[in-house]
Trainee: 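Just dropping this structure here.
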Amino acid sequence: MEENENVPLTEDEKKLFEDLMPEELDEIMATGVNRRHFLKLMALASGGVLAHQASAAEQVFTRPISEPLPGEPAPAAIENGVTVTFRVNGSAKKLLVDSRMTLLDTLRERLGLTGSKKGCDHGQCGACTVMVDGRRVLSCLTLAATCEGQSVQTIEGLAKGAELHPMQTAFLKHDGFQCGFCTPGQICSAVALLEEAKQGQASYVTATVRAKPAPVVLSDEEIRERMSGNLCRCGAYPNIVAAIQEVHSGKPVEQNWQFAG
């Protein structure tokens, strides 16, 4: 059944609203039970008013409501609306969004993908990093409307079922996180970084920038430079570098624990 389908009221349900919400009856009959009616009925139920209409109330509580879910505003409530069709973690999505809405807010508020974090909201911390067509972007500075026809991958889309992405496994092994707030952005950035290196994209510390593009063998210095846009307030940087290096090299990287003297 479609979520917003207007299901006709049964006679018991009609009698319930006629008794308890007569002023709302015409609207309910015309447009169906919406969230406001549902919450009002819940309030009456909590006050014990529905003792004699329990059966009819149960029917209402289990029916679909005729309003969009939270995060799915009605079209009339969206200013400057544009329709965006794109793929998110392999699934096709079609959304009506405000033309000024960022990709980050679209992912979190409209699609429920809250892995990508809103840290600074100014493109300075990297916690919101996701990949668009394989390229890492700061989703807090990217308009959702600009992703039309593109493929977006977030932290939720890296694992295959119960099998973690190698980068996620390496972060776990090397304790590449502490509080974990920046970790989704760190991992997405790290995954995209490896593809950039494979394509021969140079960084500020790459020595042979004039040579023909070829896969870059990443030193720890290269990794630190390429990850410099992702901040970790907990200071897990050595562990993050070790995790990325292990995935890049395909060889185990020894964990070097440095203790304060």
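Just so you know, these numbers come straight off a predicted model, no measurement behind them.
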Trainee: With a 4.5 Å heavy-atom cut-off, do Thr154 and Leu111 have their side chains touching?
Mentor: no

Trainee: Output yes when a side-chain donor or acceptor of Asn80 lies under 3.5 Å from a complementary backbone atom of Ser99, and no otherwise.
Mentor: no

Trainee: Side-chain heavy atoms under 4.5 angstrom apart, residues restricted to Ile, Leu, Val, Met, Phe, Trp, Tyr: same cluster for Leu138 and Ile187?
Mentor: no

Trainee: Shortest non-hydrogen contact from Leu218 to Glu222?
Mentor: CD2-CB, 4.0 Å

Trainee: Using modelled atom types only, decide if a donor and an acceptor are shared between the side chain of His122 and the backbone of Gln124 within a distance under 3.5 Å.
Mentor: no

Trainee: What heavy-atom pair brings Ser116 and Leu107 nearest, and what distance separates the two atoms?
Mentor: OG-CD1, 4.4 Å

Trainee: Do Val130 and Leu95 sit in the same hydrophobic cluster, where Ile, Leu, Val, Met, Phe, Trp and Tyr count as joined when their side-chain heavy atoms come under 4.5 Å apart?
Mentor: yes

Trainee: Is a side-chain N or O of Lys117 found less than 3.5 angstrom from the main chain of Thr114, in a donor-acceptor match?
Mentor: yes

Trainee: Do Lys173 and Glu246 have side chains that approach each other closer than 4.5 Å (heavy atoms only, starting at C-beta)?
Mentor: yes

Trainee: Indicate if Val97 and Leu113 have the same hydrophobic cluster label, given that clusters are the connected sets of ILVMFWY residues with side-chain heavy-atom separations under 4.5 angstrom.
Mentor: yes

Trainee: Which heavy atom of Arg136 sits nearest a heavy atom of Ala192, and at what distance?
Mentor: CB-CB, 3.7 Å

Trainee: Between Ser203 and Thr206, do the side chains contain an N or O donor and an N or O acceptor separated by less than 3.5 Å?
Mentor: yes

Trainee: Does the Gln153 side chain pair with the main chain of Asn89, one donor and one acceptor, at a distance under 3.5 Å?
Mentor: no

Trainee: Of all the heavy-atom pairs spanning Cys232 and Ile240, show the shortest one and how long it is.
Mentor: CB-CD1, 4.5 Å

Trainee: Surrounding CZ of Arg135 (heavy atoms of other residues, nucleotides or ligands, distance under 6.0 Å), is the total greater than 12?
Mentor: no

Trainee: For a quick test of reading the model, state the closest non-hydrogen atom pair linking Lys118 to Phe181 and the distance between them.
Mentor: O-CZ, 3.6 Å

Trainee: Evaluate the criterion side chain to side chain contact (heavy atoms under 4.5 Å, CB included) for residue pair Leu172 and Leu164; output intermediate values, then yes/no.
Mentor: CA-CA 10 Å; Leu172 287 170; Leu164 294 179; 3.5 Å; yes

Trainee: Okay, side chain of Ser139, backbone of Cys128: is any donor-acceptor separation there less than 3.5 Å?
Mentor: yes

Trainee: Test your reading of the model: is there a side-chain donor-acceptor pair from Gln150 to the backbone of Asp133, 3.5 Å cut-off?
Mentor: no

Trainee: Does Glu163 reach the main-chain N or O of Lys160 with its side chain, forming a donor-acceptor pair under 3.5 Å?
Mentor: no

Trainee: Linking I/L/V/M/F/W/Y whenever any side-chain heavy atoms sit under 4.5 Å apart, do Met227 and Ile155 land together?
Mentor: yes

Trainee: When you measure from the side chain of Arg226 to the backbone N and O of Leu194, does any donor-acceptor pair fall under 3.5 Å?
Mentor: no

Trainee: Give the cluster check for Met131 versus Phe171: same hydrophobic cluster or not, with ILVMFWY residues linked at side-chain heavy-atom distances below 4.5 Å.
Mentor: yes

Trainee: Is it true that Ser219 and Glu221 share a donor-acceptor pair across their side chains at a distance under 3.5 Å?
Mentor: no

Trainee: So which heavy atom on Gly126 is nearest to which on Asn230, and how close?
Mentor: O-ND2, 3.1 Å

